[in-house]
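A quick note: this is a predicted structure, and the numbers were derived from the prediction, not measured. Below, read A as the first sequence line, B as the second, and so on, with proteins coming before strands; counting in each chain starts at 1.
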Amino acid sequence: MVFLHFVRSLLFRPLTPLRIVGCGVALSALFVCASAALAGAGAQEMGNLPQVPATPSLRPYWHVFAAYAIAIALIGGWAFSIARRLRDVEDRLTQQGE
Amino acid sequence: MKTDNVSVAGLRRGGMVLTLIGLAGLLLLFWLSFFWVSTEIRQGIVQRIFYVHVPAAWTAFLAFGISALCSAVYLWLRDDRLDRAAACAAEGGLVFATIMLTTGPLWGKIAWGTYWTWEPRLTLTLLLWFIYLGYFMVRHSTEDPEKGKRFAAVVAIVGALDIPFIHLSVLWFRSLHPQPVVVKPEGPTLPGDMLTTLMTGLAVFTVIFFGLFLFRYALEGLRAEADLRARQSTA
């Protein structure tokens, strides 16, 4: 719901169901095509790879998840910060226009 | 509404398209990183941090490079649009540099046994981060905004001079960082699936940066418009 409001406030006014479905289909198609193409291209390399050793502890998993979470949080934080500042400056412009 | 010659709606539309493509690509990158790419034999699972750490570094350097370039041309032409673009790129660069500087130590703790060490590449990268933090401090530290923009432009150019040293530091000095595995005279030495995942990460982070950059540039344009109206109403 919050994400839809965010998208709406940024671009689509009004946000029609057709547009939502269109965006969803387009993104899904992009995701599937890119995944299939990359998986096919990389599959040939897989045969020559060394065997994966057993991981000695679970600690590295937390480091990997934390790193990916930090990346998502900082990019998302920047996006929401821009959206908030855009809304503020638009409110200011609206007040100046009145 | 128009800011200069570019419509805000156009910037937003472009930004939205790029950001959505970038977010879809981010999902693809996460899938590749966690389920598809092979595990590096010496470091194990923690090496997968590579696929966000290096793209974040690349995007940060790209953003700082754009900021320095726009700043240099701003000092020459004194066009406010260039100053705005430089500030927007610098802000994005700072975000991606923060990702680089926080994900790297998480990897280093497992690979090197320590979160941080004052080796050349880490030190120069931290210096770059502080220089661009200083960019925003300098920008807002003068009573005359035009003077602040000029000073900040100089800081952006000086900061970008650090980037080649960061890249070459692993060749010039003894460093815990590995030697380059992609940008080499004889070509990349990464296995194919790792290179594919890395290139996907580079593309995704770059697209996300440019998507949010467009929104940020639209914001700066609107802010300049609001400031202009405020000055006119005061006069």
Side-chain angles (χ1 to χ4, degrees), chain A residues 7 10-13 23 26-32 34-35 37-39 41-46 48-68 70-79 81-83 85-93 95-97, chain B residues 1 9 12-13 15-16 19-28 30-34 36-39 41-46 48-49 52-53 56 91-92 95-96 98-99 102-103 106-107 109-110 191-197 200 205 208 212 215-216 218-219 222-223 225-226 229-230 233:
Chain A
V7 172
L10 287 175
L11 180 64
F12 299 125
R13 292 176 185 169
C23 283
L27 289 176
S28 304
L30 182 74
F31 181 72
V32 169
S35 302
L38 288 171
Q44 293 172 345
E45 304 286 341
M46 296 290 279
N48 301 325
L49 292 174
Q51 292 296 309
V52 178
T55 309
S57 77
L58 288 176
R59 194 176 59 158
Y61 282 99
W62 289 108
H63 286 74
V64 176
F65 293 147
Y68 280 74
I70 286 169
I72 294 171
L74 284 172
I75 292 171
W78 190 36
S81 159
I82 292 171
R85 283 179 285 174
L86 262 173
R87 196 177 59 236
D88 288 349
V89 79
E90 279 179 342
D91 289 347
R92 199 174 137 202
L93 279 168
Q95 284 169 0
Q96 285 172 341
Chain B
M1 184 177 293
R12 283 180 159 190
R13 200 170 296 119
M16 179 58 75
T19 306
L20 288 177
I21 291 172
L23 290 178
L26 201 61
L27 292 176
L28 172 65
F30 286 4
W31 179 76
L32 290 173
S33 302
F34 286 111
W36 183 72
V37 73
S38 56
T39 304
I41 196 160
R42 282 187 297 274
Q43 296 182 45
I45 206 85
V46 78
R48 286 162 203 259
I49 292 176
V52 289
H53 176 71
E91 188 177 289
V95 170
F96 284 97
T98 307
I99 294 174
T102 48
T103 55
L106 288 167
W107 185 6
K109 178 63 180 170
I110 304 297
D193 61 333
M194 290 183 183
L195 188 63
T196 302
T197 310
T200 306
F205 275 49
I208 289 177
L212 293 176
F215 279 122
R216 184 68 181 76
L219 167 66
L222 287 175
R223 194 176 275 165
E225 173 79 21
R229 283 191 195 179
S233 64

### Query
Which answer fits B/A56, side chain, backbone, both or neither, if we ask what part of it has an atom under 4.5 Å from a heavy atom of chain A?
neither
#### Entry: Proximal component of B/Q43, with respect to chain A [non-hydrogen, under 4.5 Å]
neither
### Query
For B/T103 and A/A67, which heavy atoms make the closest approach, and how far apart are they?
CG2-O, 3.5 Å
### Summary
Here the gap from B/E91 atom CD to A/I82 atom CD1, rounded to the nearest 0.5 Å, amounts to 6.0 Å
### Query
So which heavy atom on A/E90 is nearest to which on B/L222, and how close?
CG-CD1, 4.1 Å
### Query
Who among B/G22, B/G15, B/G92 has the most heavy-atom pairs with chain A under 4.5 Å?
B/G92
### Task
Please report the shortest heavy-atom distance between A/I75 and B/I208, naming the atom on each side.
CG2-CG2, 3.7 Å
### Query
Is chain A contacted by the side chain of B/S233, its backbone, both, or neither, given a heavy-atom distance below 4.5 Å?
neither
### Query
Do you know the tightest heavy-atom contact between A/V89 and B/R223?
CG2-CA, 3.6 Å
#### Entry: Atom pair CG (B/L219) and CZ (A/R87), whose distance is rounded to the nearest 0.5 Å
12.0 Å
### Task
Could you have a look at A/I72, A/D88, A/L74 and say which one has the most heavy-atom pairs with chain B under 4.5 angstrom?
A/L74
## Note on the structure
What one should report as the nearest heavy-atom pair of B/R229 and A/L93 is NH1-O, 3.4 Å
### Task
Please confirm whether A/F65 and B/F34 have ring centers closer than 6.0 angstrom.
yes
### Task
Indicate the atoms forming the closest heavy-atom contact of A/A79 with B/L212, along with that distance.
CB-CD2, 3.8 Å
### Query
Hey, is the main chain of B/I45 close enough, under 3.5 Å, to the side chain of A/Y61 for a donor-acceptor pair?
no
### Message
Is any side-chain heavy atom of B/F96 closer than 4.5 Å to one of A/W78?
### Response
yes
#### Entry: Region of A/R92 in contact with chain B, defined by heavy-atom distances below 4.5 Å
side chain
